[in-house]
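Here's the structure we're looking at; comments come further down.
Protein chains get the first letters and strands the later ones, always in sequence-line order, with residue 1 at the start of each. Values in this document were obtained by computation on a predicted structure and should not be read as measured data. In what follows, every heavy atom counts, from backbone to side chain, and hydrogens, waters and symmetry copies are set aside.
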Number of protein chains: 2
Amino acid sequence: MAVPSVADRVAAELRLQLAEGLLLPGARLTESTISEELGVSRNTVREAFAELAAERLVVRHPNRGVFVASLGPGDIHDVYTVRRFIEVSALRGGGSPERVAAVRAAVEEGRAAAAADDEEALGTANQHFHGAIVALAESRRLNTIMGQVLAEMRLFFHKATVDAHFYRGYLDDNEAICEALEAGQLERAADLLLAYLNRSEQKQSAVHGD
Amino acid sequence: MAVPSVADRVAAELRLQLAEGLLLPGARLTESTISEELGVSRNTVREAFAELAAERLVVRHPNRGVFVASLGPGDIHDVYTVRRFIEVSALRGGGSPERVAAVRAAVEEGRAAAAADDEEALGTANQHFHGAIVALAESRRLNTIMGQVLAEMRLFFHKATVDAHFYRGYLDDNEAICEALEAGQLERAADLLLAYLNRSEQKQSAVHGD
DNA sequence: AATCCTCGGATTGTTCAACAATTCCTAGAT
DNA sequence: ATCTAGGAATTGTTGAACAATCCGAGGATT
């Protein structure tokens, strides 16, 4: 029951292609093309665009069309500001044992990916880790906000992952943060996470525009 | 230039009616009615609905229609959780003199409204106050998130404002928080705000369902 | 009387076709 | 080289149509 609407499925398909890196930032999405490509009406594509635009994955230029969102230096800082606010607060608040276990699971997922030399899996494991931190707060709204932010970041992380060992250095950070969390040293964990985010932002803005 | 699209104008009109309390939570919005009422196509109304649904002002029940969002007890707690995370972090981070001045301005706006016995204005002044706190962070994304949260709250605050002096008690809280901020006592300001939010949540969940 | 069933009526989900408005590109004129 | 005028292409919006789904009102059954 409760089959997702066609518009939702189109949006999901586009989200997938965006995450996959098939559609690069700045690329144009023409309604008619997608319409016939997916075998749906132009109007339905339009509704899907509205969804994606609300999630900031796509930008609408009136009368010009929709384009894959491309984040400038200002946006990168902005995204990290949101992450600092939400993730650090969540970590400082701690969480139930199950939620803490989920954080630990994400760390192990990262280790496994590193052992298998799977950079792709390493990246998603890292995102799971930060998602699990926000999930500590048990807030539906914060979870969706974080989900959108992570989706936004996937958009321009593709450039970064060219550097094979990009996420490698984060493994120990995650481990340390997780240990502090498990030990109940919330302030310390929060400080570690904050430092991590600051470093990550610097790296990112170094890779991208100035 | 850059005339907003018709769909945007419809969405804006509905947003207005929602904030105004003309459309109460749970009310149904039929496409055809709004369509002829505003003299636009049903398809356009549909796009407007997509916008509002993304802002959580409205919920879509598949094949049943869209309804004005109504927040249950869990949602109230959730909204306050988001506010605690974002507002407190923003306050703790301080801001530029101009942004601090904006917070002060919101406090004075509240005082003026109280002097004029205008409960309506008092409510919006209070929202300006909290908006100004988030604005300290100078983050576009945090501002829009906060805007959506405040819009969500306006939806069910109408019940509360029946009590004529509901916001009255907040005036001194805001004053104290603002003074601490101006004095650079950020931790103290953050503590005050946190206490305020906790009290406010209790009041709200007392007024609404258990 | 209460429950179940069926059948219309109404509304949503989706498509299609059309047209105005706008942008972009190109070719020609100055 | 710059400017202007067309013209093609795309978006924005409308209107109508139809299938799918939901809801309520009676009727039949126990």
Pair B:Glu13-B:Gln17, side-chain donor/acceptor within less than 3.5 Å: yes
Scan side-chain atoms only and decide if B:Thr81 and A:Ser139 contain a donor-acceptor pair under the 3.5 Å cut-off. no
For the pair B:His130 and B:Tyr170, evaluate side chain to side chain donor-acceptor pair (under 3.5 Å) and give the outcome as yes or no after the intermediate values. CA-CA 12 Å; B:His130 292 280; B:Tyr170 295 162; over 6 Å; no
For DNA chain C, whose closest nucleotide is more 5', that of A:Asn63 or that of A:Val6? A:Val6
d([atom1], [X]; [atom2], [N]) in whole Å:
{"X": "B:Glu31", "N": "C:dT11", "atom1": "CD", "atom2": "P", "value": "11 Å"}
{"X": "B:Glu36", "N": "C:dA10", "atom1": "CD", "atom2": "C1'", "value": "14 Å"}
{"X": "B:Arg60", "N": "C:dT11", "atom1": "CZ", "atom2": "P", "value": "16 Å"}
{"X": "B:Leu29", "N": "C:dG13", "atom1": "CG", "atom2": "P", "value": "13 Å"}
{"X": "B:Arg28", "N": "C:dT11", "atom1": "CZ", "atom2": "C1'", "value": "6 Å"}

Does anything in residues 37-49 of chain B come within less than 4.0 Å of DNA chain C? Heavy atoms only, and list the residues if so. B:Arg42, B:Asn43, B:Arg46
Between [X] and [Y], does any side-chain N to carboxylate O distance fall below 4.0 Å?
{"X": "A:Arg83", "Y": "A:Glu201", "result": "no"}
{"X": "A:Glu20", "Y": "A:Arg15", "result": "no"}
{"X": "A:Arg168", "Y": "A:Glu119", "result": "yes"}
{"X": "B:Asp78", "Y": "A:Arg140", "result": "no"}

Residues in side chain to side chain contact (heavy atoms under 4.5 Å, CB included) contact with A:Thr124, at least two apart in sequence or another chain: A:Glu109
Quick check for you: name the first and last nucleotides of DNA chain D, 5' to 3', having an atom under 4.0 Å from a heavy atom of chain A. D:dT10 to D:dT14
